[in-house]
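Some notes on the structure that comes next.
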Amino acid sequence: MKPANSVMSGYGTTVFEVMSRLAIEHGSINLGQGFPDGNGPPEVVAVAQACLADKPNQYPPMMGVPELRQAVARHDKRFHGLDVDWQSEVIVTSGATEALAACLFGLIEPGDEVVLFEPLYDSYLPIVRRAGGIPRLVRLSPPSWHLDEKALRAAFSDRTKLVLLNNPLNPAAKVFTRAELQLIADLVIKHDAVAVCDEVYEHIAFADAPPFIPLISLPGMRERCLRIGSAGKTFSLTGWKVGYVTATPALLRAVTKTHQFLVFTTPPNLQRAVATGLDLGDGYYRDLVGDMQAKRDRFGKGLAEIGFGVLPSQGTYFITADFRPLGFNGTDEDFCRHITVEAKVTAVPVSAFFTPEQPPRDFARFCFCKKDEVLDAALERLLKHFKG
Ligand code: PMP
Ligand code: GLN
């Protein structure tokens, strides 16, 4: 038989799946793969239940149900001051993952250069490469995750088609400053490129960090950005896989052309429920980020007490920690396997978010969007293991 596609078959199983399987196998507390342990806002789940019984369960419009597209436009106005035409500028996707694929497959022509930032979310490179894009990587390294202007400038050329930016950045938990965003915007405009903005953690940017600013809101960027959001993150419903893209009609057309052949539509009654969610009062959004910040502080303090070198977490629901101070001498993969098997707590190795050329090897990412008692139990296990 002839071989499968070489780009895709060249990749192993995603680190999230690998570590979650290992966690199940060893009965460990899973702080690896990012997912909350609650069941989402009850009012949103209740709308889904009611709609499943009362509303059509057949194919919805390809672009998404009007209720959700209207709600996305309202949301973008309310939180980011954007004027968005829901009919021509919003599409609903099956999660941010599909949104990313639809943007990249829809826009990249083989040979186009794509500027990406390391650490990178695991689906980015496979899709860019499968689309025929040539990755140009800009590395941000722990512990500072500093964006180097010279390196950024050097990544751009006449062939740059697009930039793929994740802000707030998983797993670095960095929120880009206005100055950094301005620099990116200037280069995008200078090179006549576009920006795919993975902003799934837009509502999890902490009060003691730079404010989250969507790249699309910077001067000259409205026509050049495709902004991606995810109900999975905003409503702690990761299994629903409902995402959305906001962009000008010209850019969105490329996304729609791809979406129609990737998934065509997304479950209609989950969309209707997410529409209700986006319209929830400011209290919902305040509590989401406030609760996460309290968990970050609780868990980060505990890690520091055990002896980890804890890095700042400005956004997302992840925190990165240096395990060298504990005296562990293996790689980050060894470390995450070790604590899963021996301490019964799972994290993910930060090197999984880097290309293989000398990635950082001293850091583990912990996910803290869990009940306080789960976080405390994980800390107790780690303390007992390393200090007991
Ligand atoms: N981008 C980033 C940075 C993420 O962390 C995630 C979470 N899985 C996604 C995209 C995918 O989101 P979704 O689950 O909506 O597909
Ligand atoms: N985004 C989540 C994370 O970074 C998990 C996504 C996944 O499992 N594919 O952990």
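As the structure lists them, so they are numbered: ligands from 1, and atoms in each ligand from 1. Only a predicted model underlies this, so the values are computations on that prediction, with no experimental measurement involved.
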Closest approach of any protein heavy atom to [atom], naming residue and atom:
atom: atom 10 (C) of ligand 1; answer: Asp198 OD2, 3.4 Å
atom: atom 16 (O) of ligand 1; answer: Thr97 OG1, 2.5 Å
atom: atom 7 (C) of ligand 1; answer: Lys233 NZ, 2.4 Å
atom: atom 14 (O) of ligand 1; answer: Lys241 NZ, 3.2 Å
atom: atom 12 (O) of ligand 1; answer: Ala96 CB, 3.4 Å
atom: atom 4 (C) of ligand 1; answer: Tyr121 CE1, 3.6 Å
atom: atom 8 (O) of ligand 2; answer: Gln33 NE2, 2.7 Å

Would you check if the side chain of Arg365 reaches a backbone N or O of Gly32 as a donor-acceptor pair within less than 3.5 Å?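 Side chain of Arg365 to backbone of Gly32, a donor-acceptor pair under 3.5 Å: yes, one is there.
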
Looking at non-hydrogen atoms alone, which of Thr316, Thr14, Asn170, Thr238 comes nearest to atom 4 (O) of ligand 2?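 That would be Asn170.
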
Which residue from Tyr121, Phe353, Phe35 reaches closest to atom 9 (N) of ligand 2 through any of its heavy atoms?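 Closest candidate by heavy-atom distance is Tyr121.
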
Glu118/Thr355 under side chain to side chain donor-acceptor pair (under 3.5 Å): CA gap, chis, key distance, verdict: CA-CA 8 Å; Glu118 288 186 284; Thr355 46; 2.7 Å; yes

Counting from 1, what ligand 1 atoms have a heavy atom of [X] closer than 4.0 Å?
X: Ser230; answer: 13 (P), 15 (O)
X: Gly95; answer: 15 (O), 16 (O)
X: Asn166; answer: 3 (C)

Relative to Phe35, does Lys370 satisfy both conditions: NZ or CZ under 6.0 angstrom from the six-membered ring centre, and within 45 degrees of the ring's axis?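 Yes, a cation-pi geometry.
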
Cation over ring, Lys174 on Phe176, under 6.0 Å and within 45°?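 Ring-cation test returns yes.
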
Please find the pair of heavy atoms, one from [X] and one from [Y], that lie closest to each other, and give the distance.
X: Ala195; Y: Leu215; answer: CB-CD2, 3.7 Å
X: Pro210; Y: Val175; answer: O-CG1, 3.4 Å
X: Cys103; Y: Ile228; answer: SG-CD1, 4.2 Å

Which is it for Arg365 and ligand 2 at heavy atoms under 4.0 Å: side chain, backbone, both or neither?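 The side chain, only.
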
Assess Tyr201 for proximity to ligand 2: is some non-hydrogen atom of it under 4.0 Å away?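 The answer is yes: ligand 2 sits under 4.0 Å from a heavy atom of Tyr201.
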
Would Tyr201 count as a contact of ligand 1 if the rule is a heavy atom under 4.0 Å away?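 Contact present.
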
Below 3.5 angstrom, do we get any N/O pair linking Thr238 and ligand 1?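 Not met; the criterion fails.
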
Aromatic centroids of [Y] and [X] separated by under 6.0 Å:
X: Phe261; Y: Phe105; result: no
X: Phe366; Y: Phe308; result: yes
X: Tyr284; Y: Phe235; result: yes

Glu98 contact mode with ligand 1 (heavy-atom cut-off under 4.0 Å):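 Contact part for Glu98 vs ligand 1: neither.
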
Heavy-atom pairs closer than 4.0 Å: do any link ligand 1 to the side chain of Val200, the backbone, both, or neither?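 Only the side chain of Val200 comes within reach of ligand 1.
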
What do the steps show when you test Arg272 against Asp54 for salt bridge (charged side-chain N to carboxylate O under 4.0 Å, His left out), and what is the final call? CA-CA 12 Å; Arg272 294 189 174 102; Asp54 300 339; over 6 Å; no

Among Lys77, Arg69, Arg222, Arg253, which one satisfies salt bridge (Lys or Arg N to Asp or Glu O under 4.0 Å) with Glu89?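 Running salt bridge (Lys or Arg N to Asp or Glu O under 4.0 Å) over Lys77, Arg69, Arg222, Arg253 with Glu89 returns exactly one hit, Arg222.
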
Can you check whether Gly32 has an N/O within less than 3.5 Å of an N/O in ligand 2?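 N/O-N/O distance below 3.5 Å does not exist for this pair.
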
Under 4.0 Å to a heavy atom of Phe318 - the qualifying atoms of ligand 2, by number: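 Per the distance check, 3 (C), 4 (O), 10 (O).
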
Quick one: which ligand 2 atoms are inside 4.0 Å of a heavy atom on Lys233?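 Counting from 1, the qualifying ligand atoms are 1 (N).
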
Candidate pair Arg21 and Glu17, rule salt bridge (charged side-chain N to carboxylate O under 4.0 Å, His left out), full reasoning: CA-CA 6 Å; Arg21 274 194 220 158; Glu17 177 74 14; 3.1 Å; yes

